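All of these numbers come straight from a predicted model, not from anything done at the bench.
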Amino acid sequence: MDDEKDHQPPEPTKLTQSKERWVSEGRYLTGRISRPEEERLPPGQHLVKNWPILDLGVRPTVTRERWQLNVIGAVKNPQNWNWDAFMAQPQSRLVSDIHCVTSWSRYDNQWQGVTTQDLLDRVQPHPDARFVLLYSNDGYTTNLTLEDFAAQGALLAHSWEGNPLSTEHGGPVRLIVPHLYFWKSAKWIRRIQFRVSDVPGYWEERGYHNRGDPWQEERYSDDE
């Protein structure tokens, strides 16, 4: 089910065009090797107290009553969850730092949601499933390896700091993958496709690194 003609990305906004230019210019690269893992702040990052808002210029309003999540592809048990079914899954509370490719980081974010490990237990990926493609309600896509999707701390979050996730930050539900740059943590999640082969997502097609490890400063594709 790779044909997503009903949810095409919007025309590039000024911010999107700027981010594409940063790719070509190599902006936010420090040229340093990754720091020791015990250091909390990845190279080239600075701390913020607020939570900056970055998107493609379209913020879809999807109510909890209308929200659905399809989990499809190379899995034994495909799922089609509405809000009640999602909330009936095991719920977890996690705390993690987040790191944006545009150089900001925020510490100690408190999330509530369904861990990707619990999702995997439910859907049971096929042995040859190695990748995950995420689809958002604004037309955005991003790709992950199954290993990164299943990593400790990754979850489908519906709450942040004890409150429902706001629309501008990806509510009702977004993915959180704290060990990768935050463009991999897709907002407004609507579909998760497990795949045998990899396929690049929105920013990966526009010059961003295919993985995006902040500690390795994997910002752009020519750093692979």
(request) Please answer whether the main-chain N or O of Gln110 pairs with a side-chain N or O of Glu161 as donor and acceptor at a distance below 3.5 Å. (result) yes
(request) Indicate the atoms forming the closest heavy-atom contact of Thr116 with Ala150, along with that distance. (result) OG1-CA, 3.7 Å
(message) Between Gln216 (side chain only) and Pro214 (backbone N and O only), is there a donor and an acceptor less than 3.5 Å apart?
(response) no
(request) Decide yes or no on side chain to side chain contact (heavy atoms under 4.5 Å, CB included) for Asn70 and Tyr135, but give the supporting numbers first. (result) CA-CA 10 Å; Asn70 303 119; Tyr135 297 93; over 6 Å; no
(request) Look at Arg40 together with Asp108 and state whether they make a salt bridge at an N to O cut-off of under 4.0 Å. (result) yes
(message) Per the side-chain hydrogen bond (donor to acceptor under 3.5 Å, both in side chains) rule, what does the pair list look like for residues 162-173, sequence neighbours excluded?
(response) none
(request) Might you work through the side chain to side chain contact (heavy atoms under 4.5 Å, CB included) test for Val75 and Gln124, ending with a clear yes or no? (result) CA-CA 6 Å; Val75 294; Gln124 297 184 39; over 6 Å; no
(request) For the residue pair Phe182 and Trp104, categorise the inter-ring angle as parallel (less than 30°), tilted (30 to 60°) or perpendicular (more than 60°). (result) perpendicular
(message) Below 30° counts as parallel, above 60° as perpendicular, anything between as tilted: where do the rings of Trp83 and Phe86 land?
(response) tilted
(message) So, taking the atom named CG in Leu155 and the one named CG in Leu175, what distance separates them when rounded to the nearest 0.5 Å?
(response) 7.5 Å
(message) Testing the basics here: between Glu217 and Gly44, what is the closest heavy-atom pair and its distance to 0.1 Å?
(response) OE2-CA, 4.5 Å
(message) Can you confirm if the NZ or CZ of Arg206 lies within 45° of the ring axis of Tyr208 and under 6.0 Å from the centre of its six-membered ring?
(response) no
(request) For Trp188 and Gly171, work out which heavy atoms get closest and say how close. (result) CD1-O, 3.1 Å
(message) Among residues at least two apart in sequence or on other chains, which ones pass side chain to side chain donor-acceptor pair (under 3.5 Å) with Asn109?
(response) Arg106, Trp160
(request) Could you list the residues that satisfy salt bridge (charged side-chain N to carboxylate O under 4.0 Å, His left out) with Asp128, not counting sequence neighbours? (result) none
(request) Mind checking side chain to side chain donor-acceptor pair (under 3.5 Å) for Gln117 and listing every partner two or more places apart, or none if nothing turns up? (result) none
(request) Kindly compute the distance separating NE2 (His46) from OG1 (Thr102), expressed to the nearest 0.5 Å. (result) 7.5 Å
(message) Using side chain to side chain contact (heavy atoms under 4.5 Å, CB included), reason through Arg93 and Gln112 one step at a time and then give a plain yes or no.
(response) CA-CA 4 Å; Arg93 295 179 183 271; Gln112 184 176 358; 3.3 Å; yes
(message) Atom CD of residue position Gln152 - does it have more than 12 heavy atoms of other residues, nucleotides or ligands inside 6.0 Å?
(response) no
(request) Output, in order, the C-alpha distance, side-chain angles, deciding distance and verdict of side chain to side chain contact (heavy atoms under 4.5 Å, CB included) for Leu94 and Ile176. (result) CA-CA 10 Å; Leu94 301 177; Ile176 301 297; over 6 Å; no
(request) Give, for atom CD1 of Ile192 and atom CD1 of Ile72, the distance between the pair rounded to the nearest 0.5 Å. (result) 10.0 Å
(request) Could you check if a side-chain atom of Leu146 sits within less than 4.5 angstrom of a side-chain atom of Leu120, using non-hydrogen atoms only? (result) yes
(request) Could I get the full list of side chain to side chain donor-acceptor pair (under 3.5 Å) partners for Lys184, not counting sequence neighbours? (result) Asn143, Glu204
(message) So which atom in His179 and which in Ala151 form the shortest heavy-atom distance, rounded to 0.1 Å?
(response) CE1-CB, 3.4 Å
(request) Kindly compute the distance separating CD1 (Ile189) from CD (Gln68), expressed to the nearest 0.5 Å. (result) 14.0 Å
(message) Strictly below 4.0 Å, N to O, side chains only: are Lys187 and Asp138 in salt-bridge contact?
(response) no
(request) Return the minimal non-hydrogen interatomic distance between Tyr181 and Gln45, and the atom names on each side. (result) CE2-OE1, 3.9 Å
(request) Kindly give the heavy-atom pair with the smallest separation between Val177 and Ser185, and that separation in Å. (result) N-OG, 2.8 Å
(request) Determine whether Leu134 and Tyr140 make a side-chain contact, defined as any pair of heavy atoms from C-beta on separated by less than 4.5 Å. (result) no
(request) Look only at the side chain of Thr141 and the backbone of Tyr202, and say whether a donor-acceptor pair between them is shorter than 3.5 Å. (result) yes
(message) Checking Trp81 now: which residues fulfil ring-ring contact (aromatic ring centres under 6.0 Å, His included) with it, not counting sequence neighbours?
(response) none
